[in-house]
Amino acid sequence: MKAEALLRELTDAQRQAVTHGDGPLLVLAGPGSGKTRVITHRAAYLAKTVTEPWHILAITFTNKAANEMAERVIQLQIGRGMTCCTFHSFCARLLRAYAERAGVRPNFSIYDTSDQTSAMKEAIRRCDLSTDNFPPGRALATISRAKNDMILPEQFAATVKDWQKKRLATLYEEYNQVLIEQNALDFDDLLVKTALLLGNDPEVRDELAERYRYILVDEYQDTNHAQYLIARGLGLKYENLCVTGDPDQSIYGWRGANLNNILQFEEDFPNAVVVRLEQNYRSTPQILAAADAVITHNRKRKKKTLFTHNPDGSSIRVVECEDNQSEGEYIARQIREHVEQGGIYGDVAVFYRVNAMSRSIENALRSAHIPYQIARGVEFYNRKEIRDILAYARVTANPLDRISLQRIINTPARGIGKTTVDRLFTHAEAAGKTPLEAISDLDKITGITRAAGALRSFAQMMIDLATTARKGTVQDVVEFIVQRSGLLAMWSGAHDDDAIDNANELINAAAEYDRQQSEGSGSLEEWLQQISLVSDVDAIDEQTGAVTLMTLHAAKGLEFDTVFLTGVEDGLLPHQRSQENDAEIEEERRLFFVGMTRAKRSLTITSTRWRDFRGMSNRTSPSPFLYELPDEGVERITVDAEDEFDYDDKDEDDLSAKAEDYLSWRRGQLVRHPSFGVGRLLWIKPQGRRTHAGVHFAAYGEKTLVLEYAHLEPIENDEWE
DNA sequence: GGTCCAACATTTTTT
DNA sequence: ATGTTGGACC
């Protein structure tokens, strides 16, 4: 394909972005404006005109986006060699390549959230603090934020005054120390260490600038300060930095994303060329107009004129349902209809603000026999059995990884208890050895007698595992672990078929990785790195022909023919915890905007009057954002409970009683609950097809119950008085 | 040292 | 409601 051929079918603005040669370039791209197309074509165009593919680096937000870009560019026939990856995977790779100069060891472990929590608990213990006053999660959130802002422990300590913050500063320091001892980096460290490397080592910076002459950073509005420094560090020499994004789609402020990165790009690079892509090719005028009406309510924004020449579509629907269940059922019915009219399941997506909301949607789709997939890539890797297997692999790759070692040294149970482990670790530290090495001089460790045999055979098994890792494929390693560690025997003994299935799935994943690697290029370390950095959306597959369920955050950058945006209620969207200030509300509004603009042809926004959460039912009110929608092109619908009363539905048959049965019940009435015992009725009210009631139990306090399910028995008051 | 039960909190969003 | 961690008990 000739370079000119790439320019066909592009609009003027798109062509300008694609053909822009050297020098900084900012592409402000509204939703559905063909941004992905511009990026891929630009990469291909550069490779055909001024450079070679291996001089181009494209940084995307997810691995999925990176893989897709790599594929598309190859389809444009520029040959292989272009680097497409996420910030995190780029950093991980870089840090392994320049480990020594970056002050790390190349076989570092990447700690995920739960590893971080373990490390933080240890730091808290070492600082003689209590997890009561310093919940690990909150301490980690503060530290994570500091790292994203490139505030190192010393600076952090220097800027804080009050007692609490000062302790946090020492925790920050100690937590980092715990990680260093274990040769581990957390997600944020990947960015921080890379930014520092680029900032402090001119030689490395120069080498990389030579390697990556042309840099593309997508979703630039969601970069944090560390990522900003990395992009800038790489691009400073040649200034061939092209960033794309949309300030109206910035939804990661809570993670340290700094909108100023994109807003001030022109100040950072005074000779930057700015291209605006405002024509929308994705959505109907109705969808675009509604989304635009909402986003104009944000005060802190750059004005944009979104427009489309797409043909008219149907009105967007704003649907109020009674409760979760009726919301789910409504969506299921609409999806049915969509398919009956010739649509396919794969066209449909359901979005929600919080993961916990997936359940009621899932239930509805399952009982309607509608196939669905959930964007939850990380969930698989968080399963206990998978984490166990991976812990063996991680110890093999990085023997200093104590958190992983602790996890497996007695899993499956092999008679190595806590005391033994403590003694072993203490000795190892004193002797300057890794814990596994320390097992070789067991006789020198006081107090270890009974567990000695178990320790020796464990150590031997780990040595054999290391040999397998050196000589074999990743699949060999995983298979070795499953069989020889005793994990398989343990699961079989417990008849835990799920665990065995999942282990097999992991073996498949390992085999797939091996297959993708050209001769000997793969490694256990790289595989571990790769799976540490998977994101939820990476798991979704457009080809499955199933309805896709995901959070609004995960939906960024995607598009679907038919979209359901659920739970648009005050407290959920905008979320309760994001109503502190205007900035947070505006970010929630952008989230709503992102969700709406994913839809190509059909958009349905749902809310409920009652929302079940953690076993409680709560009255809700509509999201304020709903009042920002225009009247024109928006159809408002209320789904009454009666409308959907369906005698064929199995669930309904389970109702053990009918609302009328409770008509005679009165406030103050005593009732007996099978597990809570005797309680007093506080209030009672019918709700759709069910009856909710508040009951106070002496031993359990106040509970909200659904009478049809709760099996309450009325008790005559005089029985007790 | 291992097993079983109970209190507990929980993630809002994610690499 | 659900899943996990810590404590009590064998």
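Every chain is numbered from 1, with letters handed out A, B, ... down the list of sequences. Computed from a prediction, not measured in an experiment: that's the story for all the values here.
The side chain of A:Thr420 has B:dG1 as its nearest neighbour among B:dG1, C:dT2, B:dT15. Proximity note for A:Lys121 (side chain, C-beta onward) versus B:dT15, C:dG6, B:dG1: the nearest is C:dG6. With C:dT2, B:dT14, B:dT15 as the choices, the nucleotide that has an atom nearest any side-chain atom of A:His553 turns out to be B:dT14. Nearest nucleotide to the side chain of A:Tyr252, out of C:dT2, B:dT15, B:dT14: B:dT14.
Here A:Arg96 pairs with nothing under the salt bridge (charged side-chain N to carboxylate O under 4.0 Å, His left out) rule; sequence neighbours left out. Residues meeting the side-chain contact (heavy atoms from CB on, under 4.5 Å) test with A:Arg126, sequence neighbours left out: A:Glu122, A:Glu174, A:Gln177, A:Val178, A:Glu181, A:Arg402. For A:His225, the ring pair (Phe, Tyr, Trp, His ring centres under 6.0 Å) partners two or more places apart in sequence, or in a different chain, are A:Tyr228. In this structure A:Lys556 satisfies the salt bridge (charged side-chain N to carboxylate O under 4.0 Å, His left out) test together with A:Glu219, A:Asp222, sequence neighbours excluded.
Between the CG atom of A:Asn382 and the P atom of B:dT15 there is a distance of 12 Å, rounded to whole Å. Going from atom CZ of A:Arg255 over to atom C1' of B:dT15 covers 5 Å, rounded to whole Å. Between A:Lys384 atom NZ and C:dG3 atom C1' the separation is 12 Å, expressed in whole Å. Atom CD in A:Glu379 sits roughly 10 Å away from atom P in C:dG3 (whole-Å rounding). Here B:dT14 presents its P atom at 19 Å from CD1 of A:Ile110, a figure rounded to the nearest Å. Per the geometry, CZ belonging to A:Phe90 stands 16 Å off C1' belonging to B:dT15, to the nearest Å. Atom-to-atom, CD1 of A:Ile143 to P of B:dT15 comes out at 21 Å; the value is rounded to the nearest Å. Going from atom CG of A:Asp388 over to atom P of C:dT4 covers 12 Å, rounded to whole Å.
Between A:Glu586 and A:Arg301 no salt bridge is recorded (no basic side-chain N to carboxylate O distance below 4.0 Å).
Note on A:Asp536: only backbone sugar-phosphate atoms sit closer than 4.0 angstrom, heavy atoms only; bases stay farther off. Among the protein residues, A:Thr60 comes within range of no part of the nucleic acid, since none of its heavy atoms lies under 4.0 Å from any strand. A:Phe87 comes within 4.0 angstrom of no nucleic acid atom, judged by non-hydrogen atoms across all strands.
If you find the closest nucleotide of DNA chain B to A:His575 and to A:Asn63, the one lying nearer the 5' end belongs to A:His575.
When the side-chain nitrogen and oxygen atoms of A:Thr551 are compared with OP1 and OP2 of B:dT14, one or more of them lie within a distance under 4.0 Å. In this model, the phosphate group of B:dT14 is approached by a side-chain N or O of A:Asn355 to a distance below 4.0 Å at OP1 or OP2. In this model, the phosphate group of B:dG1 is approached by a side-chain N or O of A:Thr419 to a distance below 4.0 Å at OP1 or OP2. In terms of phosphate contacts, A:Ser535 brings a side-chain nitrogen or oxygen within less than 4.0 Å of OP1 or OP2 of B:dT15.
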Enumerate all atom pairs, one protein N or O and one N or O from nucleotides 2-10 of chain B, separated by less than 3.5 Å.
| from | atom 1 | to | atom 2 | distance (Å) |
| --- | --- | --- | --- | --- |
| B:dG2 | OP1 | A:Gly415 | N | 3.1 |
| B:dG2 | OP2 | A:Asn410 | ND2 | 3.3 |

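Between A:Phe560 and A:Phe351, the angle of the ring planes goes over 60°, which puts this pair in the perpendicular group of the 30/60° scheme.
Between A:Asn261 and A:Tyr220, the closest heavy-atom pair is O-CE2, 3.2 Å.
Counting only residues at least two apart or on different chains, the salt bridge (Lys or Arg N to Asp or Glu O under 4.0 Å) pairs with a member in residues 563-575 of chain A are A:Glu569-A:Arg611.
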